Structure formats: structure tokens, C-alpha cells
Amino acid sequence: MRVQVAIIGSGPAGLLLGQLLHRAGIDAVILERQSREHVLGRVRAGVLEQVTVDLLDRAGVGERMHREGLIHDGIDIHFGGARHRIDFRRLTGKGVTVYGQTEITRDLMNARAAAGLATVYEAADVAIHDFDTDHPRVTYRKDGVSETIACDVIAGCDGYHGVCRASVPAAAVSTAERIYPFGWLGVLSDTPPVSPELIYNRHERGFALCSMRSRTRSRYYVQCSLDDSAERWSDEMFWDELRRRLDAKAAETLVTGPSIEKSIAQLRSFVAEPMRFGRLFLAGDAAHIVPPTGAKGLNLAASDVSVLAEALIAFFAGDAHGVDTYSARCLRRVWRAVRFSWWMTGLLHRFPDADAFAHKVQTAELDYLVGSEAAMTALAENYVGLAL
Ligand SMILES: Cc1cc2nc3c(=O)[nH]c(=O)nc-3n(C[C@H](O)[C@H](O)[C@H](O)COP(=O)(O)OP(=O)(O)OC[C@H]3O[C@@H](n4cnc5c(N)ncnc54)[C@H](O)[C@@H]3O)c2cc1C
């Protein structure tokens, strides 16, 4: 088999890239280690910046998102018993769209199937070769049969644990990492959200986030310890703990119900540089991870893909400038998102080693934030989207 672009991974980055390339007449195949159902079953991000919304429109898959997505004009931050609104619309003229990553994945998969484009699910032992030459190859096994794909370019969209970044010689890549000393226990439930927009709660018992996927489906998180396990938490224990971390009004109006998903996510900041190695381009979580506090992970994946699609379209038309500047263009935005996500995480979580001084300083910073137009505007500008 021969294609112009071999895409590894059918998460949002790989699927969106495949769709943008298809619309530009560039042929690509996607290889995915998991089954379609497994990919669709992963509950992850849900807050979309306008840049991501525009990109999904450009890819021709925005119709259901506009119909079912929720427009949010701000967030609430709760600390010390009181809730404070950060009004994005007033401060920046922009909002965000709440639409689940699972739904974006489904829309992209459906568009791909409708166009008859090739995706190989359950591709085993995917390996990439010769990406330091002009003739890279990808090998894999499907149903026990070994296959080879010759291509011009490999797009590594295979997430943090993927094979692409791991195939780059260690001396060619530098990494920077921060692992946070806590995780997020998340619950998805078919209950109406406690508030129409997100509430970020900073509490002595730990951080909590009230989020949602629709008007009838809620996503809640509580900060937990690193060695905790989701199985240890009954639904009742989860709702009790969440309620303790909310303001009085939210605690009173919280509607609880059976969980339909419960999992723990570790919080990590990670960046690999550069994002291009010869004919291999990394995009999304394959190159960088941010803690979900700033709602940036999916949005960063989408913006990498936007830059990469544009660069590859020019490359196949004979102009290499975009591929040569891909890494530097993306990394500037990546580091701004890393900084913002790290800052939001530090502002709102209870750190195990925090003493009374650290706690008071955190309270003072929150107090300053909600009293300062400039500070609220800075938060709002970063949250609603960083320019491409
Ligand atoms: C538990 C969890 C919760 C999250 N919550 C949020 C959130 O609330 N807000 C937010 O903004 N972000 C969140 N994120 C981050 C966000 O979901 C990611 O940034 C986003 O999924 C990145 O998309 P991606 O396509 O780059 O990577 P992924 O979605 O990870 O997709 C990579 C794909 O590559 C496949 N793959 C891996 N290895 C191979 C291989 N060897 N061969 C073939 N295929 C392979 C994987 O199966 C996967 O389908 C969360 C992430 C996790 C893990």
C-alpha cells in the first residue's frame, strides 16, 4: 500500500488531520491500535475554544456540535464559601463551547466512513521506519498478517503512550515534565448539571470541578491522592465528598444519580521538543500533555493539527516552509498553554506539602484574581483561546 500520509492514532488529532487532508485531496490512512468502540468509549475532554470550533467547521463536521453543544460565557470560581463569576463574554467578547470529545470523535469517524476513507482499527505492533529519509514506511499486523505502508510523511497522533515519539533516538528529542502529587477522580452521570456553567471549587479538602457534557449529562471531578483507586469509591462516597467541597447553594441543589463512568486521571505537564523529525511530525498528546484544569489538551491537539494540515498541503504543492516552521509555530502556543494549565492547577488544588503560609498565599491570589479586572481578563483570555 502507498499513501501520501500515514497517520498513527485515531484520537481527535489523527481523525481531524485525516479529515482536513481528505478535503484538500491528500490521501491518508489511519492506523489505530484499539477498536473503534474502545476509542469511542473513552470519556475525556469537553471544553472547546473557538479556534477548535472553527476548525471542526472547516473540516465539515461542525453541524451536530452547533446543534447540541452548549455555549458558555464564563465560569464560576468558588473559594472560602463564596462563588465568583469570571465573565468571559464581558471580558473578552468570546465564550467556549461544551461538546464532548467522544462526540467529536464520533462525528469525525462518521464523516470518514461516509467518505469511504481507510482506517485500520486493532492494528497490532505498529512500527515506523526510515523517517529520516524521503521514503518512510510503517509496518503493522492485522489479523495476524504483516502489512507495510510506504508513504511520504508519517503523522504521529498516537498520544502520550504511542510508538512515534518513542521511536525517535533519545539524543534527538528533549523533554520537560512535571508530575503533580494528586489525581482527579471523575464521575459521569445522567443527571442535570448543578449549574449551567462550570464551577471550579478550591476547598480545604481538595479541588473539585462541576462540569457537564449536555443539559442532562454531568461530569464531576474531585481531587484525590495519587495512590487512590476508582473501585474504592462507591457512588455515595463520591457524591458526599463532592458535596462537601461545593458552596452551600450548589451543595443543596446538586442532583445525584448512578455513575455511568468512574475513573482516575493523573495530572501531568509534559513537552517533547522538537515536534518534527525528518518526515515524522508529532501532534497532540504524542508531543505534549497538560493537566486538564485549563481545559487545553484537546484544544492544543486541534491547533497542532490545523498548523500541520496547512503545512502538509503546502508541502505536497512544493512549498516546504510550513513543514520547516511547524515545530516552532506549535511550541510557542504549547508552552503558553502549559504555563496557563500549570498556573490554574497551582491556584486551585491542595498540595500535600502546603503549609499554612502556602494556603494563605493561595487564598490571597484567588482574592486578588476575583477583585482585579486585569487578572480576570488574563484568565479569560487564556481560557477562551490562545491565538494560533
Ligand atoms: C483520562 C483523561 C481525561 C482527560 N480529560 C480532559 C479534560 O477534561 N479536558 C481536556 O482539555 N483534556 C482532557 N484530556 C486530554 C485530552 O483528552 C487529550 O489532550 C486529547 O485526547 C488528545 O488527543 P490526541 O488525538 O492527541 O491523543 P489521544 O486521544 O490519546 O489519541 C491517540 C490515539 O492513538 C492510539 N495509539 C496509541 N498508541 C498507538 C500505536 N502504537 N499504534 C496505533 N495507535 C496507537 C490510541 O489508542 C488513541 O486512540 C484528558 C485525557 C485523559 C487521558
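Counting starts at 1 for both ligands and their atoms, in listed order. When reading the values below, keep in mind they use all heavy atoms of this one structure, side chains included, and skip hydrogens, waters and symmetry mates. Computed from a predicted model, the values in this text were never measured in an experiment.
Salt bridge absent: Lys94 and Glu49 never bring a charged side-chain N and a carboxylate O closer than 4.0 Å. By the 4.0 Å N-to-carboxylate-O rule, Arg85 lies close enough to Glu197 to be salt-bridged with it. With salt bridges taken as basic N to acidic carboxylate O contacts below 4.0 Å, none links Glu122 and Arg33. Remark: Arg232 engages Asp228 in a salt bridge, criterion side-chain N to carboxylate O under 4.0 Å. Salt bridge absent: Asp304 and Arg333 never bring a charged side-chain N and a carboxylate O closer than 4.0 Å.
The backbone of Leu31, and not its side chain, has at least one atom closer than 4.0 Å to an atom of ligand 1 (non-hydrogen atoms only; backbone = N, CA, C, O). Residue contacts with ligand 1 for Tyr221 involve side-chain atoms from C-beta outward but no N, CA, C or O (heavy atoms, distance under 4.0 Å). Contacts between Cys157 and ligand 1, counted as non-hydrogen atom pairs separated by less than 4.0 Å, involve the backbone only. When non-hydrogen atoms are compared, ligand 1 lies under 4.0 Å from the side chain of Val126 (C-beta onward) but not from its backbone.
Scanning for ring pair (Phe, Tyr, Trp, His ring centres under 6.0 Å) contacts around Trp233 gives an empty result, with sequence neighbours left out. Annotation: side chain to side chain contact (heavy atoms under 4.5 Å, CB included) contacts of Asp355 (sequence neighbours excluded): Phe357, Ala358.
Residue, atom and distance of the protein heavy atom nearest to atom 11 (O) of ligand 1 are Gly297 N, 3.2 Å. The protein atom (non-hydrogen) at minimum distance from atom 17 (O) of ligand 1 is Gln101 OE1, 2.7 Å. Scanning the protein for heavy atoms near atom 10 (C) of ligand 1, the closest one is Ala45 CB, 3.1 Å. At the top of the distance list for atom 1 (C) of ligand 1, counting protein heavy atoms only, stands Ala265 CB, 3.9 Å.
The closest heavy-atom contact to atom 19 (O) of ligand 1, among the options Ile7, Ile289, Val305, Asp285, comes from Asp285. With Arg44, Gln266, Arg268 as candidates, the residue nearest to atom 4 (C) of ligand 1 on a non-hydrogen basis is Arg44. Of all the listed residues (Asn299, Ile30, Ile104, Asp158), Asp158 holds the heavy atom that lies closest to atom 36 (N) of ligand 1. For the residues Lys296, Glu32, Arg33, the heavy atom positioned nearest atom 35 (C) of ligand 1 is part of Glu32. Taking each of Leu298, Asp125, Val290, Val163 in turn, the one with a heavy atom nearest to atom 41 (N) of ligand 1 proves to be Val163.
Under a 4.0 Å criterion applied to the non-hydrogen atoms of Ala295, ligand 1 contributes the atoms 11 (O). Per-residue contacts place Gly284 under 4.0 angstrom from the following atoms of ligand 1 (heavy atoms of the residue considered): 26 (O). If you number the atoms of ligand 1 from 1 as listed, the ones under 4.0 Å from a heavy atom of Gln34 come out as 47 (O). Shown in contact with Ile8 at under 4.0 Å from a heavy atom are these atoms of ligand 1, numbered in order with element: 42 (N), 43 (C). Close contacts between ligand 1 and Gly11 involve ligand atoms 25 (O), 29 (O), 31 (O), 33 (C), 49 (O) [criterion: under 4.0 Å to a heavy atom].
An N or O contact shorter than 3.5 Å links Ala13 to ligand 1 by distance. An N or O contact shorter than 3.5 Å is missing between Gly159 and ligand 1 by distance. On a distance-only criterion, His161 and ligand 1 share no N/O pair closer than 3.5 Å.
Cluster annotation: Leu298 is not connected to Leu209 through the hydrophobic network of ILVMFWY side chains, with a link wherever side-chain heavy atoms come within less than 4.5 Å.
Counting non-hydrogen atoms of other residues, nucleotides and ligands closer than 6.0 Å to CD of Glu177 gives a total above 12.
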ring-ring contact (aromatic ring centres under 6.0 Å, His included) between Phe277 and Phe131, worked out:
CA-CA 7 Å; Phe277 308 88; Phe131 50 86; 7.3 Å; no
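Ring to ring, Tyr180 and Trp342 are not that close: their centroids are 6.0 angstrom or more apart. Taking the six-membered ring for Trp and the full ring otherwise, Phe182 and Phe351 have centroids separated by under 6.0 Å.
Using a non-hydrogen distance threshold of 4.0 Å, Arg42 registers as a contact of ligand 1.
Ring geometry for Phe79 versus His84: interplanar angle under 30°, hence parallel rather than tilted (30 to 60°).
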